[in-house]
Asker: 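First the structure, then my questions, so here it is.
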There are 2 protein chains.
Amino acid sequence: MDINPESSKARQTSRVSGRRATLKEVAAEVGVSRATVSNAYNRPDQLSEELRVRVFEAARRLGYAGPDPTARGLRKQRTGAIGALYTDRLSYAFADPAAVMFFEGVSVATEEAGLGLLLIPGGSLGQRDPEILMSAAVDGFVIFCMAEDDPLVEATLRRQMPAVLVDQPPIEGVPSIGIDDEAAARLAAEHLTSLGHRSFGVVSFDLDKDSKSGFADIDKQHAATYLPSRARLRGYESALEAAGISWADVPVYECAENVPGMAAEAAEALLALAPRPTAIIATSDQLAFGFMEAVKKAGLSIPEDISVVGFDDVPEAARANPPLTTIHQPHVEKGLRAGRMLIAQLREEEPPETQVLLPTRLVVRGSAARTDH
Amino acid sequence: MDINPESSKARQTSRVSGRRATLKEVAAEVGVSRATVSNAYNRPDQLSEELRVRVFEAARRLGYAGPDPTARGLRKQRTGAIGALYTDRLSYAFADPAAVMFFEGVSVATEEAGLGLLLIPGGSLGQRDPEILMSAAVDGFVIFCMAEDDPLVEATLRRQMPAVLVDQPPIEGVPSIGIDDEAAARLAAEHLTSLGHRSFGVVSFDLDKDSKSGFADIDKQHAATYLPSRARLRGYESALEAAGISWADVPVYECAENVPGMAAEAAEALLALAPRPTAIIATSDQLAFGFMEAVKKAGLSIPEDISVVGFDDVPEAARANPPLTTIHQPHVEKGLRAGRMLIAQLREEEPPETQVLLPTRLVVRGSAARTDH
DNA sequence: CTGAAAGCGCTTACAG
DNA sequence: CTGAAAGCGCTTACAG
């Protein structure tokens, strides 16, 4: 394939000269006003077809690709894109299947509306620079999975644009969507107690923005600034306490990143305990996968030697070996609804809902079984 | 959590009034010129610390969150974001693990550079509207996995911005990056012939923008407008022909979408053939997974009854049951390098490379075995 | 250390 | 059907 020589030439020229033609130049070339050229692109009914064609021909000749989006955006006070703010490294959004599904949903919503989706890194651990946030040209924000004390959340809100909060504590005046993390987590733990387990271990993803891997005591758990972490641990706690198990005795291993590899460390620490837990609850499937992997490497069997329950029900959970018992939540729908809630605000319709809680459920598969201990 | 009442109030006000404060208003409030307010944000060394603080206080009072990104972008002729153009539905980018890894790599590059990443749907099948593309406020484009005859590619290039082509035929003046799809595919097929297989079936993802699922004859294969499809099929062809197997006799089943579910259909069609193929080559791991699933449901064993080789080596390939023999390609690195090649152009450095081919290799795992037929 | 002026590229009433 | 004028919100030499 090759594009026509004309535009290829023009591209090279521009690369050297560093500037593109403007609407003004096209107008001069055709011998009309800028308004007319603008109309040729934006309001075809405002000029004769013949003139419109002449405009486009001149544009092509000059290598003019149409009105500059930034200038148009300034004039129209619309950028045509929404921003998604996500915790820490942006690449992380792509590494976590649950986040990927969430963004899949958001992107369906933006596509419906003909909007672009601007991904904004919440700042790497090192350089948490709000600059990129403040300079993001968007019409609104989806704020996803940020620590609740993260100054970037406030910074985003300060831009006074429509926004939607996802999996975060509500903030007055900002619609939010999520799940009842605590209730869902309770389901996971209750499933295990109902199978007779009394000896537990928990593998959790990070509790705070800058935390390190290791055991986390109750104070640390309760002070967690990621809502899902805090709420899920509380759910486990309440279910186990209700079954007469002392939460203070349940080891909670925090993994600094929500990737399977990190759970290997957790497994090492947890399997070395005496007595060894018969049941492990993980705050994500990703961690459950990594844990299962490590258990198998250690020569133990799931669920015979140790039961595992995850959280998220990502697609791989069903295909895992053994298939993972986990909590299902509708990730794609969460993204879709979040996107639509934001878009409804952009259109200055009333937001369809203001505080949405999506349903969750326990999915029983093969990774947890009755204990004989 | 709650933000301070002041800005919370301001946000609500703005939601009603529909307008935010401007730099001009801040200047008036402080009693200085706009230049000074601008300097407070952009060139702290240009004014006294005391004045700068007064500016920020006034800004906060007025609910001014800093210079408007669009206006700044227009003035500076920089948007601070790059665009990623991807085939068809944007949500598809998130559904395909290989694409996800690619974008993960791109996002690492954009983060390094402090840029945003704007995801641009290549247009749904229905409304392939270049409008969204032409109105994307970005400084350059990564063009990923578009059909080579897709008018959006030309439209993008016509914007005369820095661009990088990924997994697509080269276009003069535009750096590109990819793999040698044909050679890599040959490796996959040769592995199978070396195991004694003589009876093949192929499961391919789509050959053209608007294709439907079904068997694809040679003419259709050679006319494929997705480079990876065309090149991989050619690779299989050349390896099999070299082994004395007539390619014309090899059934190629095209799946309209690169999702596991679609491969079930392919399996149904291919398994019904007499004689039944002993070896299946899939152009992606996603399709291989779906195929394996269907084979197992049909009561057959892999690799005993039928061998399967995939393409991509996504992480799940190693965890599949049996582990999938496949072709490895460095997805994340591809994205990272593509991103950096684009960013190098933005900085008006020479692009580091202009035609990059990344290495691939066969990864032998458990899904293909010697045939006894 | 501060301000007046020019201009980034466009769209939108409005008048003709 | 077409054009002159105003203005979207900012930054950058430049002069003081």
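Treat the numbers as computed from the prediction; the structure is a model and nothing was measured. Here is the naming used below: chain letters follow the sequence lines, and residue numbers restart at 1 for every chain.
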Asker: Kindly state each residue pair satisfying side-chain hydrogen bond (donor to acceptor under 3.5 Å, both in side chains) with at least one member in residues 45-57 of chain B, sequence neighbours excluded.
Answerer: none

Asker: Over how many whole Å does the gap from B:K24 atom NZ to D:dT11 atom P extend?
Answerer: 15 Å

Asker: Please state how far atom CD in A:E25 lies from atom C1' in C:dC8, giving the value in whole angstrom units.
Answerer: 13 Å

Asker: Name all residues meeting the side chain to side chain contact (heavy atoms under 4.5 Å, CB included) criterion together with B:T36; count only those two or more places apart in sequence or in a different chain, and write none if there are none.
Answerer: B:V32, B:S33, B:L47, B:L51

Asker: Between C:dG9 atom C1' and B:R75 atom CZ, what is the distance in whole Å?
Answerer: 12 Å

Asker: Quick one: stems involving DNA chain C, counted as three or more successive Watson-Crick or G-U pairs, both distances short of 3.5 Å.
Answerer: C:1-3 with D:14-16, C:5-12 with D:5-12, C:14-16 with D:1-3

Asker: Please work out which of the three classes, parallel, tilted or perpendicular, describes the rings of B:F144 and B:F102, given edges at 30° and 60°.
Answerer: parallel

Asker: Tell me which residues in residues 40-54 of chain B lie within less than 4.0 Å of DNA chain D, going by non-hydrogen atoms.
Answerer: B:N42, B:R43

Asker: Hey, which of these two, B:A35 or A:P67, hits DNA chain C nearer its 5' end, going by closest nucleotide?
Answerer: B:A35

Asker: Figure out the CG/P separation between B:L74 and D:dC8, and round it to whole Å.
Answerer: 13 Å

Asker: Among all residues two or more places apart in sequence or in another chain, which pass the side-chain hydrogen bond (donor to acceptor under 3.5 Å, both in side chains) test with B:T79?
Answerer: B:D139

Asker: Pick out which of B:P170, B:S176, B:C145 makes a side-chain contact (heavy atoms from CB on, under 4.5 Å) with B:L165.
Answerer: B:S176

Asker: Can you name the side-chain hydrogen bond (donor to acceptor under 3.5 Å, both in side chains) partners of B:R72, sequence neighbours left out?
Answerer: A:E131, B:N42

Asker: Run the ring-ring contact (aromatic ring centres under 6.0 Å, His included) test against A:Y41 and tell me which residues pass, sequence neighbours left out.
Answerer: A:F56, A:Y64

Asker: Rounded off to whole Å, could you give me the CZ-to-P distance for the B:R20 and D:dC8 pair?
Answerer: 14 Å

Asker: Taking only residues two or more places apart in sequence or in another chain, which ones pass salt bridge (Lys or Arg N to Asp or Glu O under 4.0 Å) with B:D167?
Answerer: B:K334

Asker: Could you tell me which residues satisfy side chain to side chain contact (heavy atoms under 4.5 Å, CB included) with B:A109, sequence neighbours excluded, listed by chain and number?
Answerer: B:L336, B:R340, B:I343

Asker: Do the side-chain N or O atoms of B:S33 get closer than 4.0 angstrom to the phosphate oxygens (OP1, OP2) of C:dA4?
Answerer: no

Asker: Quick one: is D:dT11 close enough that its OP1 or OP2 comes under 4.0 Å of any side-chain N or O from B:Q77?
Answerer: no

Asker: Consider the side chain of A:V32, meaning its heavy atoms from C-beta on, and name the nucleotide among D:dG3, D:dG9, C:dT11 that approaches it most closely.
Answerer: D:dG3

Asker: With nearest nucleotide decided by heavy atoms, which residue, B:N39 or B:A71, maps closer to the 5′ end of DNA chain D?
Answerer: B:A71

